[in-house]
Amino acid sequence: PPTAYAGIERAAAWLVRGLSNHCRIHTDLIAKEGSMVSPMGKLWPIENEGQIKDVVRTMEECGELPDVFLDWTHDKLLSLVRPDLKIVNTFSVMSMTGSGINPVLISHGQAAGPNFKSHEVKVIHYGLDFDEYPLYTGLREDYLLYMGQLIDGKRIEWACEVALQTNRPLRIHGPGWGRREYHAMLREYESKSNGLISII
């Protein structure tokens, strides 16, 4: 939702803005009401991903079907229900979901993973709008920070080792979607660190 843009939603908004404002490509957006869309584009509001296929049907009936769909959803349902469309699927997680038609990844680490080795993939890193991330120049606490999913592929144990070897506090924030064993390992790092590592 637009009031709580996270990484994927914000990257999608930047892409829409870049394609529309800088490349002058008419770019529509299928997303929640109030999501950022450029003056050249149109918002097709939905409440959940399951409604995307209905929006596509409406686009078709109105003669407004786009040349290409860029699917940033988690489950890639569009390529499953409408394989006849031109679709590029952007994967922001390590798992292969949906049909895997025309996969675009956001890191070379993903491309090296077991889920994508049998697919011909392209890697396009997320762009950033640095105007939205002004450099903080005030006083701040001295600690390391990890923010993201608590899963094996993120190699959070490396951050734990850096904290221990440099004697700098590490704060770990994120949803616990990883394996139980991985979480247990991180908790062990936390318990043996004498307060240096904290999982919040």
Side-chain angles (χ1 to χ4, degrees), residues 1-2 4-32 35-38 41-60 64-129 146-156 158 174-179 182:
Y5 272 155
I8 294 172
E9 291 85 358
R10 187 170 294 281
W14 288 332
L15 179 63
V16 167
R17 189 169 62 205
L19 289 172
S20 301
N21 298 352
H22 301 293
C23 300
R24 311 308 295 168
I25 296 173
H26 181 99
T27 309
D28 288 353
L29 182 65
I30 302 173
K32 288 203 174 191
S35 294
M36 289 187 270
V37 67
S38 81
K42 175 179 178 180
L43 177 66
W44 298 80
I46 58 169
E47 282 303 312
N48 59 65
E49 292 181 6
Q51 297 173 321
I52 292 174
K53 62 182 183 301
D54 301 324
V55 170
V56 171
R57 188 181 313 114
T58 303
M59 288 174 156
E60 210 164 20
E64 297 187 47
L65 205 61
D67 296 326
V68 177
F69 283 89
L70 305 176
D71 190 343
W72 287 53
T73 63
H74 180 71
D75 292 324
K76 311 295 182 261
L77 296 175
L78 189 57
S79 55
L80 290 173
V81 298
R82 290 296 305 269
D84 58 304
L85 299 173
K86 291 181 182 175
I87 302 171
V88 174
N89 288 304
T90 297
F91 289 87
S92 301
V93 295
M94 300 302 281
S95 60
M96 171 70 83
T97 54
S99 71
I101 292 173
N102 300 326
V104 171
L105 311 181
I106 62 170
S107 77
H108 292 288
Q110 276 179 299
N115 290 304
F116 298 102
K117 282 188 176 172
S118 61
H119 295 265
E120 185 178 327
V121 299
K122 300 289 183 195
V123 174
I124 301 176
H125 304 290
Y126 278 170
L128 292 175
D129 184 344
Y146 169 83
M147 284 186 2
Q149 300 172 38
L150 306 188
I151 58 174
D152 307 44
K154 300 292 186 177
R155 304 309 300 257
I156 306 162
W158 291 359
W177 295 343
R179 295 179 304 114
Y182 191 68

Exercise. Output all residues satisfying side-chain contact (heavy atoms from CB on, under 4.5 Å) with Arg155, sequence neighbours left out; order by chain, then residue number.
Key: Glu157, Trp158
Quiz item: Does any N or O in the side chain of Thr27 come within less than 3.5 Å of the main-chain N or O of Ile25, such that one atom is a donor and the other an acceptor?
Solution: yes
Quiz item: Does any N or O in the side chain of Asp75 come within less than 3.5 Å of the main-chain N or O of Leu77, such that one atom is a donor and the other an acceptor?
Solution: no
Practice problem: Using the test ring pair (Phe, Tyr, Trp, His ring centres under 6.0 Å), find all partners of His22 that sit at least two apart in sequence or belong to another chain. | Solution: none
Self-check item: Cationic tip of Lys154 above Tyr182 ring, under 6.0 Å, 45° of axis
Solution: no
Kindly compute the distance separating [atom1] ([X]) from [atom2] ([Y]), expressed to the nearest 0.5 Å.
X	Y	atom1	atom2	result
Leu85	Phe69	CG	CZ	5.5 Å
Ile30	Lys53	CD1	NZ	12.0 Å
Asp71	Leu78	CG	CG	5.5 Å

Quiz prompt | Beyond-backbone contact of Val121 with Phe91, side-chain heavy atoms, under 4.5 angstrom | solution = no
Quiz item: Side chains of Leu70 and Thr90: closer than 4.5 Å at any heavy-atom pair?
Solution: no
Suppose we screen for side chain to side chain donor-acceptor pair (under 3.5 Å). Which residues come up paired with [X], at least two apart in sequence or across chains?
X	value
Lys42	Glu64
Asp54	Arg57
Gln149	none
His26	Asp28

So, for [X] and [Y], which heavy atoms are closest and what is the spacing to 0.1 Å?
X	Y	result
Ser35	Leu29	CB-CD2, 4.0 Å
Val56	Arg82	CG1-NH1, 3.9 Å
Leu43	Lys32	CD2-O, 3.8 Å
Pro175	Gly148	CD-O, 3.7 Å

Practice problem: Give a yes or no on this: more than 12 heavy atoms of other residues, nucleotides or ligands lie within 6.0 Å of atom CG of Asp84. | Solution: yes
Quiz prompt | The single option from Asn89, Val88, Thr73 passing side chain to side chain contact (heavy atoms under 4.5 Å, CB included) against Ser79 | solution = Asn89
Quiz item: How are the rings of His108 and His125 set relative to one another: parallel (under 30°), tilted (30 to 60°) or perpendicular (over 60°)?
Solution: perpendicular
